[in-house]
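Notes to accompany the following structure.
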Amino acid sequence: MSRIPEGWEAVIGLEVHCQLSTQSKIFSGSAIAYGAEPNTQASPIDLGMPGMLPVLNVDAVKKAVTFGLSVGAKIAPRSVFARKHYFYPDLPKGYQISQYELPIVFEGHLDIELEDGASKRIGITRAHLEEDAGKSVHEGFQKSSGIDLNRAGTPLIEIVSEPDIRTAAEAVAYLKKLHQIVVYLGICDGNMQEGSFRCDANVSVRKVGAPKFGTRTETKNVNSFRYVEKAIEYEIERQIEVIEAGGTIRQETRLFNPDTGETRAMRSKEDANDYRYFPDPDLLPVVCTPEYIDAIRGSLPELPDAKRARFEKDFGLSDYDAKTLTSSRELAAYYEAVVAASGAEAKLCANWVATDLLGALNKLSKDITESPISADALAGMLKRIADKTISGKLAKDVFEAMLNGEGSADDIIKAKGLVQITDESAIIAAIDDVIARNPQQVADYRSGKDKLFGFFVGQAMKATQGKANPDALNRLLKERLAG
Ligand code: ADP
Ligand code: MG
């Protein structure tokens, strides 16, 4: 990762467009499902045909308020939709319905975790409701482009951060946290490839200690965490180079090219008043009463930070495990179900879920919701570890077999004869056999070569096909070797 040169500082503010997962569009009854045949999901309202009247989708409002409350923001008692005018082929109305002076959500914040573990607060200036535009389609056309208006009218919130971010790494930490929260809340599917969560990065540079911010550029629609990081790093470096060579930065919109890792100028940036904003006369102001806001506050799910703290406290997990296991709501629910159903130690359950299961899922490119082993099934195996039917070592084999769909833990233990040997006489017999077959090592061990103990453990384990109870084996081996 590139470092910012000594004496320079970057200033970064992010605008995130987050698609709300409502059933229908923000001002019409058309579906918003992704990937439909072009222009099959655009009603006359979405197209802005003359005489059509938009009707506000209350679920979009609820989701915007839900977001605001989750980032400690204020909810406007009265917010207003405005027309933002610009010409674009995928915007047949000639304006986008957005919010301008009175956004529904304002003055919130997000606490991000820095690489050194410290926490930093990033201000959220506002989050306003707006409709998405359509899409120009170039693929499959020659000397022309197609227009697909399925996306027109899809509800978005645009989340605007304060210029509080100072490095590409902080920007990524902020975005990841924001992404996690909207997905936790169930207000956005978070699919970055499909554009459900996309970021415009505003970047400027200045000399450390300079009283004012430098001129910013805005790199549009970057749709992966990695690309955001690269685009910002590229911009910081480019701007510093321009200034050090005696040039100035122009305020402009830029595009990131993932193939080259570079940004290039797209157009110089319009000032806000070029959009000729005015309140949309077709839409009433949105009024959120205190009762309405309180009802939404009361139904908020537990958020990642709170869940993580609870996992540390209630389950005695390390910060690292708690963070991993709360990374998604589904994973956290899976883990809690395993703990509840197995009755095994929470830490043991955490190891199996966070290390073995996630490792296996990673290899299969599956997420927790697609796990071939259900929480109940994994709990069934943990029960057998807890009651000492199988050792942790044998459990690895059982786990593999479960992954391969060979049945429940109990089925597999029975079918493979994996039951742990706790019968001490059987273990002693195996130990005595190993001692008898290795007189030289026994003599060496007894004369002080303690390290050989591991050799005997290995041999005796092997003699029992790995089935000896490890605690009993260790204890009995010590006794027998003592002579
Ligand atoms: P616009 O509509 O022109 O994009 P917004 O107010 O919607 O303006 O967003 C501006 C974004 O740019 C915010 O995220 C803000 O924090 C950020 N920003 C403003 N000034 C600077 C600057 N000098 N350097 C970097 N980012 C900035
Ligand atoms: Mg903007």
Side-chain angles (χ1 to χ4, degrees), residues 4 8-18 64 71 73 79 81-86 88 95-110 112 120-133 156-175 177-178 197-222 228-229 231-240 242-243 248-256 263 265-278:
I4 299 174
W8 287 93
E9 177 181 62
V11 173
I12 301 158
L14 301 178
E15 295 164 80
V16 172
H17 284 93
C18 169
V71 292
S79 62
F81 283 101
R83 293 184 179 180
K84 179 181 183 181
H85 296 85
Y86 58 98
Y88 217 72
Y95 62 86
Q96 177 191 18
I97 305 178
S98 182
Q99 296 187 313
Y100 186 49
E101 281 164 342
L102 294 171
I104 187 159
V105 169
F106 61 104
E107 288 176 19
H109 58 80
L110 206 62
I112 60 167
K120 173 169 175 175
R121 179 159 288 192
I122 308 296
I124 292 176
T125 317
R126 55 190 273 153
H128 59 256
L129 275 165
E130 62 183 23
E131 60 177 347
D132 209 344
L156 304 176
I157 44 173
E158 179 178 334
I159 304 160
V160 181
S161 87
E162 288 289 304
D164 290 342
I165 300 165
R166 292 289 171 271
T167 64
E170 285 180 24
V172 172
Y174 168 84
L175 278 181
K177 185 102 185 242
L178 200 59
F197 186 92
R198 50 191 201 259
C199 170
D200 301 343
N202 296 273
V203 178
S204 65
V205 297
R206 63 173 171 182
K207 284 274 171 66
V208 171
K212 285 207 300 193
F213 290 155
T215 303
R216 70 181 150 119
T217 63
E218 180 179 14
T219 302
K220 281 281 192 198
N221 286 332
V222 197
V228 170
E229 183 171 16
I232 292 175
E233 283 178 352
Y234 179 83
E235 262 310 282
I236 294 174
E237 221 170 283
R238 186 190 69 83
Q239 292 184 14
I240 292 175
V242 169
I243 297 171
T248 49
I249 302 300
R250 280 185 310 168
Q251 183 163 342
E252 63 191 4
T253 302
R254 297 180 71 88
L255 275 186
F256 176 69
T263 68
M266 186 165 81
R267 55 167 188 258
S268 81
K269 173 101 188 161
E270 306 97 308
D271 281 328
N273 57 10
D274 278 352
Y275 291 122
R276 300 289 189 274
Y277 279 102
F278 69 78

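Start at 1 and go down the list; that is how both ligands and their atoms are numbered. What's counted below: heavy atoms across the whole structure, side chains too, no hydrogens, waters or symmetry copies.
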Partner residues of Thr167 under the side chain to side chain donor-acceptor pair (under 3.5 Å) criterion, sequence neighbours left out: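 Scan of Thr167 (side chain to side chain donor-acceptor pair (under 3.5 Å), adjacent residues dropped) gives none.
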Option with minimal heavy-atom separation from atom 7 (O) of ligand 1, where the choices are Lys212, Gln251, Glu15: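 It is Glu15 whose heavy atom sits nearest to atom 7 (O) of ligand 1.
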Option of least heavy-atom distance to atom 24 (N) of ligand 1 (set: Ser204, Pro163, Gly214):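 Nearest heavy atom to atom 24 (N) of ligand 1 lies in Ser204.
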Sub-3.5 Å N/O-N/O distance, Ile12 and ligand 1: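 Such a contact does not occur with ligand 1.
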Test of proximity, Val203 against ligand 1: N or O pairs below 3.5 Å: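 No, since none of the N or O atoms of Val203 sits under 3.5 Å from an N or O of ligand 1.
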Contacting atoms of ligand 1, where contact means under 4.0 angstrom from a heavy atom of [X]:
X	result
Gly13	14 (O), 16 (O), 17 (C), 26 (N)
Val11	24 (N), 25 (C)
Val160	9 (O), 13 (C), 14 (O)
Ser161	13 (C), 14 (O), 15 (C), 16 (O)
Glu162	16 (O)
Phe213	23 (N)

Residue pair Thr219 / Glu235, side-chain donor-acceptor N/O under 3.5 Å: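 Looking only at side-chain atoms, Glu235 and Thr219 do not form any donor-acceptor pair under 3.5 Å.
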Backbone of Arg216 reached by a side-chain donor or acceptor of Asn202 within 3.5 Å: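 No, because the side chain of Asn202 does not come within donor-acceptor range (under 3.5 Å) of the backbone of Arg216.
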Test item: His109 side-chain N/O and Arg121 main-chain N/O as donor-acceptor pair under 3.5 Å: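 Pair absent, no side-chain N/O of His109 close to backbone of Arg121.
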Closest approach of Gln99 to Ser79 (non-hydrogen atoms, all atoms of both residues):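 Heavy atoms only, the tightest pair is NE2-OG, 3.3 Å.
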Over all atoms of both residues, closest heavy-atom pair of Ala265 and Glu252: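 Shortest heavy-atom separation between Ala265 and Glu252 comes out as CB-OE1, 3.7 Å.
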Whether Tyr100 and Tyr277 hold their rings parallel, tilted or perpendicular, with breakpoints at 30° and 60°: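 Parallel, since the angle between the ring planes stays under 30°.
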Per-residue contact class, Glu218 against ligand 1 - non-hydrogen pairs under 4.0 Å: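 It is the side chain that gets close, since no backbone atom is under 4.0 Å.
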Location of contacts on Thr215 toward ligand 1, heavy atoms closer than 4.0 Å: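 For Thr215, there is no contact with ligand 1 at all, from either part.
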Under the salt bridge (Lys or Arg N to Asp or Glu O under 4.0 Å) test, residues paired with Glu131 that sit two or more places apart: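 If we apply the salt bridge (Lys or Arg N to Asp or Glu O under 4.0 Å) test to Glu131, skipping adjacent residues, the hits are Lys93.
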